[in-house]
Protein chains: 2
Amino acid sequence: MALDNRKKEVLQAIVDDYVANCEPVGSKALIDRHDFMVSSATLRNDMAELEQMGYLEKPHTSAGRIPSDKGYREYVDSLMKVDKLSDEEGKEIKEKLSVSFDEIASLLKAASSALADQTGYISLAMTPKLTSSYLTQLKMLMIEPGKVLVVVVLSAGVVKNRMVRIPDFLTQEQIAQIGNAVERGLSGLPLSEISLITVATAAKDNQKVELPDSLLNQVLYEAYTAIKQADNLDVYMQGKHRMLSLPEFSDTKRAQGLFDTLSHDGLVAGYVDEVTKQDEKKEYMIRIGQEITLEGLDECSFITTTYNVGGKVAGNIGVIGPKRMEYSKVISQINFVRMMLDEKLKQP
Amino acid sequence: MALDNRKKEVLQAIVDDYVANCEPVGSKALIDRHDFMVSSATLRNDMAELEQMGYLEKPHTSAGRIPSDKGYREYVDSLMKVDKLSDEEGKEIKEKLSVSFDEIASLLKAASSALADQTGYISLAMTPKLTSSYLTQLKMLMIEPGKVLVVVVLSAGVVKNRMVRIPDFLTQEQIAQIGNAVERGLSGLPLSEISLITVATAAKDNQKVELPDSLLNQVLYEAYTAIKQADNLDVYMQGKHRMLSLPEFSDTKRAQGLFDTLSHDGLVAGYVDEVTKQDEKKEYMIRIGQEITLEGLDECSFITTTYNVGGKVAGNIGVIGPKRMEYSKVISQINFVRMMLDEKLKQP
DNA sequence: TTTAGCACTCGGGAAGATAGAGTGCTAAAC
DNA sequence: GTTTAGCACTCTATCTTCCCGAGTGCTAAA
């Protein structure tokens, strides 16, 4: 059975009211707050049917209804209208993102913080996915004898560095040359194709320094781990503790379950990755309540979208909030931030 | 009036019991759990006096007693005995700290995570204080035309870098030379004495590159901000959400107040700094409940100590837990971690 | 100074009563 | 067939009352 027009309106009104007040919505309250041209009894009938179809639930017999996961799903899929961001809000976000960004990391931090402030929920920003990036530069900089800073630059504007130890009689020149050799051999190569072996051959093909193999290998190993480490997704997450003020997390156990999961950056990043693949064609992905396979997030909804670097699919930004979130507002906010990122990262 | 021996024992026993159970301690429970050779009536008298002296409080008339801030203070100052860490625990910590650390940052992260795991409370590790550090190196590395990575190395082993923009017709050689010139002029100088002017004179005295002043100044300005930015204390904090499982934070409002304050790294760092100065001569500093002037921490206790780099006073590590914390255990844990840090950072 | 004894206090949990919001159903009206 | 008024019913949340028991403070005796 399909939803007739009035049922759609009823469902929409219930979601709206519940989002606003976090209290089960009854037929009378619905009449009071909305301009339905029918009586409460009629709404009661509709609500009963909506419940039977699985869009609504009752916390207990004599309470109002609350949306089920399916109800929220219907709401975001076909009922809500995503309105444009207000001009002021757009301006606010723009301001927050107008940091002079010279590394993508600082821009993402700003984006995450803007999203958290603006939505009032938990925000998320992830560095570009490694699968889409390749090595552009590798610099080795001697800080003091025996200590070298390896700077790895990836195509998407990601810069990572790592301090490593090497035998302390190697000179700055030797080190720099090895770095250059590796860079020459590997730049342009996707990270997935870089292995200890490719690093070694690159170095040996390109370098002129005379060094015993064992010594050279030691340095190359460090270079290799530095490159591999640049692989790691960085996750910027903000606004976690704001969830404590929501009624759905007034139970500390539940809040703790949420925080426990969120403290594992890797888990969250992995989930985002997986889900983004599933919803590849969509502009944004939304997961509601039990649809989220992460532990402790079954009272939450999760919205992410993908930003581009140099016009190509890159990393993700997102928001985690209660199921009872202001979907249309959050979506327009997240969209706006994404557009700003795309704009700022246009030239590769 | 001074505390006679039995009163001391009573206070100590009450603190111990309350720490263990988070329940007000009555005279009878005290008798049951400890070997006092007197009757409960006698203890009642003692407890009444201890209350009058301000060491104990009653949540309400007919409950047991709980320690007041003053009571805890007396406890940590003269009653508890700090016992040595068990061998296993020492081993565990040692293992967690046996990361190959090449930057002080990663060692501090490991220290903070070990402390959080081991104590079960919130841990804190801060990079060395800037007042005690001076510039040792400044490298400028061209990543691509117009983009330069400025690497700042400080005496205490702190390495920071920052990407900056410069006019894009400058060459790697020019940039590197300017960096070298500034390094030559400023290395060994305390950060506090470095200003835009000293940077400029250093560069002009030492460099040979011919560049128009306005251009040079632009680069120098970026170098200067990079140095100044290295100034910032980094704070590593872990284990926050563990507090949610403590009964004293079952009220989400309270937890939120705590988290709100803790999310401002600067606030906490500033407080630690201030308090460390006050307790300069002591091995560790302890602040209990209301003694802590940070908002939201009045149900907490705060213990910090100072680690050394190259034998000189450097940064702080610490633990924030409930007032009802296992002081002696935490102190021995924190001390152990500090000793490990000192050991690892012995050679400058 | 210590102790036994006892009356008193107070919080917290159990039990019961009540109000009110909301429901589902029936039968009449449109 | 759909809508509506009316009504009995259900269930929670709240308030009151009551009582238990842990704990106290005081007194008087050891």
Side-chain angles (χ1 to χ4, degrees), chain A residues 1-11 13-15 17-18 20-68 71 247-248 250-251, chain B residues 1-11 13-15 17-18 20-68 71 247-248 250-251:
Chain A
M1 187 200 330
L3 293 175
D4 63 43
N5 272 343
R6 201 183 51 223
K7 287 213 185 63
K8 283 186 188 170
E9 276 173 46
V10 171
L11 177 54
I14 289 177
V15 172
D17 278 19
Y18 185 65
N21 305 317
C22 194
E23 269 163 22
V25 186
S27 55
K28 210 167 177 189
L30 217 47
I31 292 275
D32 288 352
R33 277 195 284 264
H34 303 266
D35 295 339
F36 289 106
M37 302 310 289
V38 293
S39 75
S40 66
T42 311
L43 292 192
R44 271 205 292 286
N45 289 334
D46 285 348
M47 286 160 79
E49 284 187 52
L50 282 168
E51 184 183 351
Q52 219 177 357
M53 290 188 268
Y55 294 105
L56 296 178
E57 329 185 309
K58 271 189 293 197
H60 48 262
T61 327
S62 81
R65 305 300 211 293
I66 62 173
S68 66
E248 32 272 87
S250 65
D251 175 17
Chain B
M1 189 203 322
L3 293 174
D4 62 45
N5 273 343
R6 200 183 52 222
K7 287 213 186 63
K8 283 183 186 170
E9 277 172 44
V10 171
L11 177 54
I14 290 178
V15 172
D17 278 18
Y18 186 65
N21 306 319
C22 195
E23 270 164 22
V25 186
S27 55
K28 209 166 175 191
L30 218 47
I31 291 276
D32 287 352
R33 277 196 284 264
H34 303 266
D35 295 337
F36 289 104
M37 301 309 291
V38 294
S39 75
S40 65
T42 312
L43 291 192
R44 273 204 292 287
N45 289 335
D46 285 348
M47 286 159 81
E49 282 187 54
L50 282 167
E51 183 182 355
Q52 219 177 359
M53 290 189 269
Y55 294 106
L56 296 178
E57 324 186 316
K58 269 189 294 197
H60 47 264
T61 327
S62 80
R65 306 298 212 295
I66 61 174
S68 66
E248 33 271 88
S250 64
D251 176 17

Worksheet item: What is the base-pairing partner of C:dA19, counting Watson-Crick and G-U wobble geometry with both distances under 3.5 Å?
Response: D:dT12
Worksheet item: Rounded to the Å, how far apart are A:Asn21 CG and C:dG22 P?
Response: 12 Å
Discussion item. Can you tell me if B:Lys58 touches the phosphate of C:dG11, counting only side-chain N or O atoms and a distance under 4.0 Å to OP1 or OP2?
Written reply: no
Worksheet item: Which whole-number value in Å describes the distance from A:Asp4 CG to D:dG1 C1'?
Response: 13 Å
Discussion item. If you compare every side-chain N and O of A:Arg6 against the phosphate oxygens of D:dT3 (OP1, OP2), does one of them come in below 4.0 Å?
Written reply: yes
Worksheet item: Side chains of B:His34 and B:Glu9: closer than 4.5 Å at any heavy-atom pair?
Response: no
Discussion item. Need one value for A:Ala41: base, sugar-phosphate or nothing, where a base atom within 4.0 Å counts as base even if backbone is also close, heavy atoms only.
Written reply: base
Item to complete: Determine: side-chain N/O of B:Arg65 to OP1/OP2 of D:dA22, distance under 4.0 Å, yes or no.
Response: no
Item to complete: Using both distances under 3.5 Å as the test, list the Watson-Crick or G-U wobble partner of D:dA29, or none.
Response: C:dT2
Worksheet entry | Interatomic distance, B:Asp46 CG vs C:dT3 P [rounded to whole Å] | 10 Å
Discussion item. Tell me the interatomic distance from A:Ile14, atom CD1, to C:dT23, atom C1', rounded to whole angstroms.
Written reply: 13 Å
Response to the item:
Side-chain atoms of A:Arg44 come closest, of D:dT4, D:dT24, D:dC7, to D:dC7
Discussion item. Can a donor-acceptor pair be found, under 3.5 Å and without considering hydrogens, that links the side chain of B:Ser40 to the backbone of B:Ser27?
Written reply: no
Worksheet entry | Complement of D:dC19, any strand, by Watson-Crick or G-U distances under 3.5 angstrom | C:dG12
Discussion item. Rounded to whole Å, please give me the gap between CG in A:Asn45 and P in C:dA27.
Written reply: 15 Å
Practice prompt. Applying side-chain contact (heavy atoms from CB on, under 4.5 Å) between B:Leu56 and each of B:Asp46, B:Leu11, B:Val10, report the one that passes.
Written response: B:Leu11
Worksheet item: Tell me: CE of A:Met37 to P of C:dC30, nearest whole Å?
Response: 17 Å
Worksheet entry | Candidates D:dT4, D:dG25, C:dT2 - which lies nearest the side chain of B:Ala48 | D:dG25
Worksheet item: In whole angstroms, how far is the C1' atom of D:dG23 from the CG atom of B:Asp17?
Response: 15 Å
Worksheet entry | Sorted by number, the residues of residues 24-31 of chain B with heavy-atom contact under 4.0 Å to DNA chain C | none
Item to complete: Take atom CE of B:Met47 and atom P of D:dG25, then tell me their distance rounded to the nearest Å.
Response: 8 Å
Worksheet item: Among A:Arg6, A:Arg44, A:Arg65, A:Lys7, whose salt bridge (charged side-chain N to carboxylate O under 4.0 Å, His left out) with A:Glu49 holds?
Response: A:Lys7
Discussion item. If you compare all heavy atoms of B:Ser39 against all heavy atoms of B:Ile31, which two are closest, and at what distance to 0.1 Å?
Written reply: C-CD1, 3.8 Å
Could I get a table of every N or O pair under 3.5 Å where one atom is in the protein and the other is in nucleotides 11-15 of chain D?
from	atom 1	to	atom 2	distance (Å)
D:dC11	O2	A:Ser62	OG	2.9

Discussion item. What's the separation between atom CZ in A:Arg33 and atom CG in A:Asp17, rounded to the nearest 0.5 Å?
Written reply: 4.0 Å
